[in-house]
Undergrad: 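The following block contains the structure, expressed as structure tokens.
Convention: sequence-line order gives letters A, B, ...; per-chain numbering from 1.
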There are 2 protein chains.
Amino acid sequence: MPQTATAQPEKKPSRIQLRNRRKILDAALDVFSQHGFRGATLDQIAEAAGLSKPNMLYYFDSKEAIHVALLNALMDEWLAPLAVMDPDGIPLDELLAYIDRKMEMSRAFPRESRLFANEIIQGAPRILQDLEHRLKPLFDEKCRLIRTWMEEGKLAPMDPGHLIFSIWAMTQHYADFEAQVQVLMPDTHAAQESARTHVAKMFRNLLSV
Amino acid sequence: MPQTATAQPEKKPSRIQLRNRRKILDAALDVFSQHGFRGATLDQIAEAAGLSKPNMLYYFDSKEAIHVALLNALMDEWLAPLAVMDPDGIPLDELLAYIDRKMEMSRAFPRESRLFANEIIQGAPRILQDLEHRLKPLFDEKCRLIRTWMEEGKLAPMDPGHLIFSIWAMTQHYADFEAQVQVLMPDTHAAQESARTHVAKMFRNLLSV
DNA sequence: TCGTGGCTTGACCAAATGGTAAAAAACATC
DNA sequence: GATGTTTTTTACCATTTGGTCAAGCCACGA
């Protein structure tokens, strides 16, 4: 059982294991992000991964195990742009840089964005714990930081929590609702580019004191 | 075949038909908005509707027929707040009123919001036509209107399309990602209220010339 | 080069799922 | 209350789905 996340003995994974686990997780990202957990099937994932279904289940105990592993593996990566915000930087620059990083991630990793979006829209049944224990502390910490900046008069005053929500909403919209954006603004490339400057301007305007 | 939307003969539906079709659509809204199309099952919908599965299929030809009927029935209602924006009103007031209507809808009808969100995140396979033929014309019309207002100097200049995206992103975020919002801001009632003023201030700030 | 243990497969299974057929029940109309 | 029509139920079906199992393959260290 190479996949058990149980404990001590844990041999180091072989090259084959690493390669196949990566293939599975990548395929799962494709399928889960497109159909959500219940809508995705093991056969789809197996085919996308180029493995047989039993072979896949040799690496992960169950469908749910794949999903959880995927979310866990991506969570840190997904939160990195926020985590990196520097208390010693120039407040407005830090926030605008954060927004730009998020816009860039949305553009570069739409599958990841939709994976989380699907999970959360459906009530986050499989990552509520993670939200509590990994997202919440980070969120609270950054809210305190931003509030401090505002109290020092470095940023326009507002609720830091809602500010962060605004940033998430705006940046992820272009990835999560890409199908709609594409219908309404057919020139996707231009839309992406102008979206970036639009969002940047919007928040600069909002945050400037 | 009471459910065929085909054509002419179409007898007027009986009281029982109306009642049961409403029950089915309401149940389907519950289930589809929570699990997405592929993740929802007919058994779940039937149970939520208080009908047997075959009885339900007496009213709708298939799972897909229920989903499509639901989306169609809700589309106009969902677009009403935008449609109602008045070319002869005061530009800033019109837009802020629109934003407020959207925030209110998000609060009052989160299921509907999530239904569309699920469908669009998953690539909108069953309503692309509708987006093209019902949403796009309305979107284009309102973009032209807003552009006119901006050219008249009544609003700060920006891309009207991205402005509308911003409004959608911000207003729907609180419904679609409610699970996350609830983890990060546990006092939901207060969050809802402050969200409203936050978003209003944000866009007033952005749009004021 | 020969085992041996990690890796892969084909055959299989029980449960769930979307959907059907036909009879029974309920209802309306005369 | 007989008769035709709408609505509901019971029993069923084929396919899909998540998952298992035992046997076979193959890579690699001794």
Undergrad: Between M56(A) (CE) and dT9(C) (P), how many Å, whole number?
TA: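 The distance from CE of M56(A) to P of dT9(C) comes to 12 Å, rounded to the nearest Å.
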Undergrad: May I have the distance from K23(A) (atom NZ) to dT8(C) (atom C1'), rounded to whole angstrom?
TA: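 Rounded to the whole Å, the gap is 12 Å.
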Undergrad: Would you work out how much the helix from dT1(C)-dA30(D) to dC30(C)-dG1(D) bends between its ends, with each end axis defined by five base pairs, to 10 degrees?
TA: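 About 10°, once rounded to a multiple of 10°.
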Undergrad: Provide the full list of ring pair (Phe, Tyr, Trp, His ring centres under 6.0 Å) pairs with a residue in residues 23-49 of chain A, sequence neighbours left out, each pair given once.
TA: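 Residue pairs passing ring pair (Phe, Tyr, Trp, His ring centres under 6.0 Å), neighbours aside: F32(A)-F37(A), F32(A)-H67(A), F37(A)-H67(A).
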Undergrad: Does anything in residues 162-171 of chain B pair up under salt bridge (Lys or Arg N to Asp or Glu O under 4.0 Å), and if so which pairs, sequence neighbours excluded?
TA: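 Every candidate salt bridge (Lys or Arg N to Asp or Glu O under 4.0 Å) pair involving residues 162-171 of chain B fails, so no pair, neighbours aside, qualifies.
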Undergrad: Could you identify which residues of residues 62-73 of chain A place a heavy atom less than 4.0 Å from some atom of DNA chain C, listed by residue number, or say none?
TA: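 The answer is none.
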Undergrad: Do the side-chain N or O atoms of Q17(B) get closer than 4.0 angstrom to the phosphate oxygens (OP1, OP2) of dT6(D)?
TA: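 No, Q17(B) has no side-chain N/O under 4.0 Å of OP1/OP2 on dT6(D).
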Undergrad: Of all residues at least two apart in sequence or in a different chain, which pass the side chain to side chain contact (heavy atoms under 4.5 Å, CB included) check with L128(B)?
TA: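 Applying side chain to side chain contact (heavy atoms under 4.5 Å, CB included) to L128(B) gives V183(A), A124(B), L131(B).
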Undergrad: For T188(A), enumerate each residue passing the side chain to side chain contact (heavy atoms under 4.5 Å, CB included) test, keeping only those at least two apart in sequence or located in another chain.
TA: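 Checked T188(A) against side chain to side chain contact (heavy atoms under 4.5 Å, CB included); matches are Q182(A), Q192(A).
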Undergrad: Inspect the surroundings of CZ in R204(A) and state if more than 12 heavy atoms from other residues, nucleotides or ligands are less than 6.0 Å away.
TA: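 No, the 6.0 Å shell around CZ holds no more than 12 heavy atoms from other groups.
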Undergrad: Has S52(A) got a side-chain N or O lying under 4.0 Å from the OP1 or OP2 atom of dT8(C)?
TA: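 Indeed not, no polar side-chain atom of S52(A) lies that close.
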Undergrad: Test: salt bridge (Lys or Arg N to Asp or Glu O under 4.0 Å). Region: residues 42-58 of chain A. Which pairs qualify, not counting sequence neighbours?
TA: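 Of all non-adjacent pairs touching residues 42-58 of chain A, those that pass salt bridge (Lys or Arg N to Asp or Glu O under 4.0 Å) are D43(A)-K53(A).
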Undergrad: By side chain to side chain contact (heavy atoms under 4.5 Å, CB included), which residues pair with A117(A), not counting sequence neighbours?
TA: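 For A117(A), the residues satisfying side chain to side chain contact (heavy atoms under 4.5 Å, CB included) (neighbours in sequence not counted) are D176(A), I121(B), F177(B).
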Undergrad: Can you list, pair by pair, the side-chain donor-acceptor contacts under 3.5 Å of residues 22-31 of chain A, counting residues two or more places apart and other chains?
TA:
residue: D26(A); atom: OD1; partner: R111(A); partner atom: NH2; Å: 3.2
residue: D30(A); atom: OD1; partner: R111(A); partner atom: NH1; Å: 2.6

Undergrad: Using the six-membered ring wherever Trp is involved, compare the ring planes of W168(A) and F165(A) and label them parallel, tilted or perpendicular (cut-offs 30° and 60°).
TA: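 Tilted, since the angle between the ring planes falls between 30° and 60°.
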Undergrad: Check each residue of residues 27-45 of chain B for a non-hydrogen atom within less than 4.0 Å of any atom in DNA chain D, then write out the ones that pass by number, or none.
TA: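 Under 4.0 Å from DNA chain D: R38(B).
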Undergrad: Counting just side-chain N and O atoms, does N20(B) come under 4.0 Å of either OP1 or OP2 of dT8(D)?
TA: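 True: N20(B) side-chain N/O within range (under 4.0 Å) of dT8(D) OP1/OP2.
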Undergrad: How many whole angstroms separate atom CZ of R21(A) from atom P of dG6(C)?
TA: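 Answer to the nearest Å: 15 Å.
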Undergrad: Are any of N55(A)'s side-chain N or O atoms less than 4.0 Å away from OP1 or OP2 of dT9(C)?
TA: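 Result: yes.
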Undergrad: Among all residues two or more places apart in sequence or in another chain, which pass the side chain to side chain contact (heavy atoms under 4.5 Å, CB included) test with L79(A)?
TA: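 M75(A), L135(A), L138(A).
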Undergrad: Looking only at side-chain N and O atoms, does Y58(B) come under 4.0 Å of OP1 or OP2 in dT9(D)?
TA: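 Checking Y58(B) against dT9(D): no side-chain N or O falls below 4.0 Å of OP1 or OP2.
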Undergrad: Scan nucleotides 20-29 of chain D nucleotide by nucleotide, 5' to 3', and note B when protein non-hydrogen atoms come under 4.0 Å of the base, S if they reach only the sugar-phosphate, - if neither.
TA: BB------S-
Undergrad: Just how far, in rounded Å, is C1' of dC27(C) from CZ of R19(B)?
TA: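 Atom CZ in R19(B) sits about 13 Å away from atom C1' in dC27(C).
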Undergrad: Does any part of the side chain of Q172(A), heavy atoms only, come nearer than 4.5 Å to the side chain of K102(A), both counted from C-beta?
TA: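 The answer is yes; the side chains approach within 4.5 Å.
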Undergrad: Do M158(A) and M202(B) come close enough that some side-chain heavy atom pair is under 4.5 Å?
TA: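 Sidechains of M202(B) and M158(A): no contact.
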Undergrad: Any side-chain heavy-atom pair from L95(A) and F203(A) closer than 4.5 angstrom?
TA: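 With C-beta onward as the side chain, the pair stays apart.
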Undergrad: Does the side chain of E132(B) reach to within under 4.5 Å of the side chain of P137(B), using non-hydrogen atoms?
TA: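 Contact flag for E132(B)/P137(B) side chains = no.
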Undergrad: Rounded to whole angstroms, how far apart are CG on L51(B) and C1' on dT8(D)?
TA: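 The distance from CG of L51(B) to C1' of dT8(D) comes to 9 Å, rounded to the nearest Å.
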